[in-house]
Student: 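Handing you this structure, nothing more for now.
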Amino acid sequence: MIKVVGIRFKKAGKIYYFDPDSFEITKGDHVIVETSRGMEYGEVTIAPKEVPDKEVVSPLKKVIRIADEKDTFQHEENMRRKAKAISLCQEKVDKHHLVMKLIDVEYTFDNSKIIFYFTAEGRVDFRELVKDLAGVFKMRIELRQIGVRDEAKMVGGIGTCGKGLCCHTWLPEFEPVSIKMAKIQNLSLNPTKISGICGRLMCCLKFENEVYNELRRGLPEQGEHVRTPEGIGVVFDTNLLESKVRVRLVLDEKTQDKPEKLSDELHIYNKEEIVRISAKDKDILEDIDKDLLKEIKNLLDE
């Protein structure tokens, strides 16, 4: 087990583990740590605790110090300089006629580097742009191309639910989302209805998927035969949230000469009131019915 502290550098950003060393650190404190990008100012979101060795990426770097007033002032000053930096960068982008959209800018805490984030449809040759920016800012310049999901996370916005975007407000990392998740949740497969403002499938499909999988467990599929208190029926649709099934009862069994006849009326049953009948079970039931009819016929003949 290793003692660690969880630190976040951005709102709704990923949490990274660091060695708290001998400092008395509590949740909500601000600290200075060394990262691959240089010195960074972060917020403690997980108080010191012990975790298994396999959860830690070695080597585990130590917290350099707890941030004081001077560090906080430096961080706030860097945040204030962002607007001017992105304005200057946009001027240079226009000057070089580059097809790119500036999204955000970050200063490292020690002002050793400035990072510009942008989106573009393809690759952008920004070598001349970097030279111009280096002449203006007098520090290392990094231009990082990001995707549309990262853009939405940085900029933020309002989702179709009327609340702030999950990725911008609390979701630390993106997870793969598939169209199968929308099918499981009985959602419309219209792309405009299941996509976020980034144009990709909504992240909430992923973190709600586990609940819907649990609710679906034991419920029949559409078109499946089930046994109900009123007899055999065919599933019309299901309501996962209420665990209810709408069924059309079988009025006349299917034969070689005619198709199966179903009632026009829909009956609603709770999950506990029905029994699923697989295709194999249905064949067995039909065989039992045939044998029973044969026995009755033999008795009548006698």
Side-chain angles (χ1 to χ4, degrees), residues 7-18 30-43 57-65 67-157 165 167-169 171-174 196-200 203:
I7 297 174
R8 178 178 283 159
F9 301 102
K10 296 181 183 178
K11 179 182 177 181
K14 184 178 178 181
I15 296 174
Y16 297 90
Y17 285 149
F18 287 85
H30 290 90
V31 294
I32 305 300
V33 295
E34 184 181 358
T35 70
S36 58
R37 302 195 316 177
M39 303 287 282
E40 292 285 355
Y41 177 96
E43 180 182 357
V57 179
S58 298
L60 188 66
K61 294 188 177 182
K62 294 183 178 182
V63 172
I64 294 175
R65 64 178 182 272
D68 55 22
E69 290 185 6
K70 184 178 179 181
D71 295 325
T72 302
F73 177 80
Q74 176 67 39
H75 173 69
E76 291 174 351
E77 182 65 22
N78 289 343
M79 297 297 289
R80 283 191 290 268
R81 294 162 63 192
K82 288 173 59 172
K84 184 177 180 182
I86 204 164
S87 176
L88 287 170
C89 184
Q90 187 62 58
E91 288 181 10
K92 301 298 182 183
V93 169
D94 295 339
K95 172 186 173 184
H96 292 283
H97 306 289
L98 297 175
V99 183
M100 55 191 289
K101 177 184 177 184
L102 288 175
I103 303 300
D104 199 10
V105 60
E106 282 183 9
Y107 283 88
T108 56
F109 177 75
D110 56 3
N111 287 323
S112 62
K113 181 167 65 173
I114 184 170
I115 306 168
F116 293 94
Y117 297 93
F118 71 95
T119 59
E121 292 185 3
R123 296 188 58 141
V124 179
D125 184 0
F126 46 69
R127 287 173 293 183
E128 293 301 319
L129 174 64
V130 170
K131 291 178 182 178
D132 280 0
L133 292 175
V136 173
F137 293 100
K138 309 298 182 184
M139 64 177 73
R140 288 175 57 199
I141 304 295
E142 181 179 338
L143 274 86
R144 187 174 298 176
Q145 187 169 355
I146 61 174
V148 289
R149 295 180 82 188
D150 294 300
E151 178 185 359
K153 184 175 181 66
M154 286 184 174
V155 177
L165 298 181
C167 59
H168 182 69
T169 55
L171 191 65
E173 292 184 86
F174 293 114
I197 63 174
C198 61
R200 301 290 188 267
C203 293

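For reference, positions follow the sequence shown, starting with 1.
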Student: Are there over 12 heavy-atom neighbours, none belonging to Lys82, within less than 6.0 Å of that residue's NZ?
Tutor: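 Yes, enclosed.
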
Student: Taking the six-membered ring for Trp, are His75 and Phe109 closer than 6.0 Å centroid to centroid?
Tutor: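 No, ring centres 6.0 Å or more apart.
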
Student: Only pairs under 3.5 Å count here: list side-chain donor-acceptor contacts from residues 113-122, not counting sequence neighbours, and write none if there are none.
Tutor:
unit_1	atom_1	unit_2	atom_2	d
Lys113	NZ	Glu142	OE1	3.0
Tyr117	OH	Arg37	NH1	3.3
Tyr117	OH	Glu106	OE1	3.4

Student: Please output the side-chain donor-acceptor pairs of residues 128-138 that fall under 3.5 Å, not counting sequence neighbours, one pair per line with the distance.
Tutor:
unit_1	atom_1	unit_2	atom_2	d
Asp132	OD2	Lys95	NZ	3.4
Asp132	OD2	His96	NE2	2.7
Lys138	NZ	Gly135	O	3.0

Student: Can you tell me how far apart OH (Tyr16) and CD (Glu40) are? Round to the nearest 0.5 Å.
Tutor: 10.0 Å

Student: Consider only side-chain N and O atoms of Tyr41 and Thr72, and report whether a donor and an acceptor are under 3.5 Å apart.
Tutor: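 Present: a donor and an acceptor within the cut-off.
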
Student: Nearest 0.5 Å please: distance from the SG atom of Cys167 over to the CZ atom of Arg200.
Tutor: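 Nearest 0.5 Å value for the SG-CZ distance: 13.0 Å.
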
Student: Evaluate the side-chain proximity of Ile7 to Val63: yes if any heavy-atom separation is below 4.5 Å, no if none is.
Tutor: yes

Student: Just verifying a value: how many Å separate Phe174 CZ and Cys198 SG, rounded to the nearest 0.5 Å?
Tutor: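 Rounded to the nearest 0.5 Å, the CZ-SG separation comes to 7.0 Å.
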
Student: Mind checking the CD1-CZ spacing from Ile86 to Arg81? Nearest 0.5 Å is all I need.
Tutor: 14.5 Å

Student: May I ask you to test the Glu34-Ile64 pair for a side-chain heavy-atom distance under 4.5 Å?
Tutor: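 Yes, at least one pair of side-chain atoms sits under 4.5 Å.
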
Student: For a 4.5 angstrom cut-off between non-hydrogen side-chain atoms, does Val31 reach Glu43?
Tutor: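 Not in contact.
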
Student: Heavy-atom distance under 4.5 Å between the side chains of Val93 and Met100, does that happen here?
Tutor: yes

Student: Could you please spell out the steps behind the side-chain contact (heavy atoms from CB on, under 4.5 Å) verdict for Glu91 and Leu88?
Tutor: CA-CA 5 Å; Glu91 288 181 10; Leu88 287 170; 4.3 Å; yes

Student: Could you tell me which non-hydrogen atom of Leu165 sits nearest to which non-hydrogen atom of Gly156, and how far apart they are?
Tutor: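 So the two residues come closest at CD1-C, 3.8 Å.
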
Student: With a 4.5 Å cut-off on side-chain heavy atoms, are Ile146 and Met154 touching?
Tutor: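 Answer yes - side chains close enough.
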
Student: Contact between Ser112 and Met39 at the side-chain level, heavy atoms closer than 4.5 Å - yes or no?
Tutor: no

Student: For a 4.5 angstrom cut-off between non-hydrogen side-chain atoms, does Leu171 reach Thr169?
Tutor: no

Student: Around atom CE of Met139, are there more than 12 heavy atoms of other residues, nucleotides or ligands at under 6.0 Å?
Tutor: yes

Student: Could you go through the salt bridge (charged side-chain N to carboxylate O under 4.0 Å, His left out) check for Asp125 and Arg127 one step at a time?
Tutor: CA-CA 6 Å; Asp125 184 0; Arg127 287 173 293 183; 2.8 Å; yes

Student: Apply the test side-chain contact (heavy atoms from CB on, under 4.5 Å) to residues Ile103 and Lys101: give CA-CA distance (whole Å), side-chain angles for both, the deciding distance (0.1 Å), then the verdict.
Tutor: CA-CA 6 Å; Ile103 303 300; Lys101 177 184 177 184; 3.9 Å; yes

Student: Got Val99 and Val124 here, is their nearest side-chain heavy-atom distance under 4.5 Å?
Tutor: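 No, too far: nothing below the 4.5 Å cut-off.
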
Student: Backbone N or O of Asp68 within a donor-acceptor pair of the Asp71 side chain at under 3.5 Å?
Tutor: yes

Student: With rounding to the nearest 0.5 angstrom, report the CZ to CD1 distance, Arg65 to Ile32.
Tutor: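 Here the interatomic distance stands at 5.0 Å.
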
Student: Can you measure from CZ (Phe9) to CD1 (Ile15) and round to the nearest 0.5 angstrom?
Tutor: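 If we round to the nearest 0.5 Å, Phe9:CZ and Ile15:CD1 are 11.0 Å apart.
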
Student: Donor-acceptor check, side chain of His168 to backbone of Lys153, threshold 3.5 angstrom: yes or no?
Tutor: yes

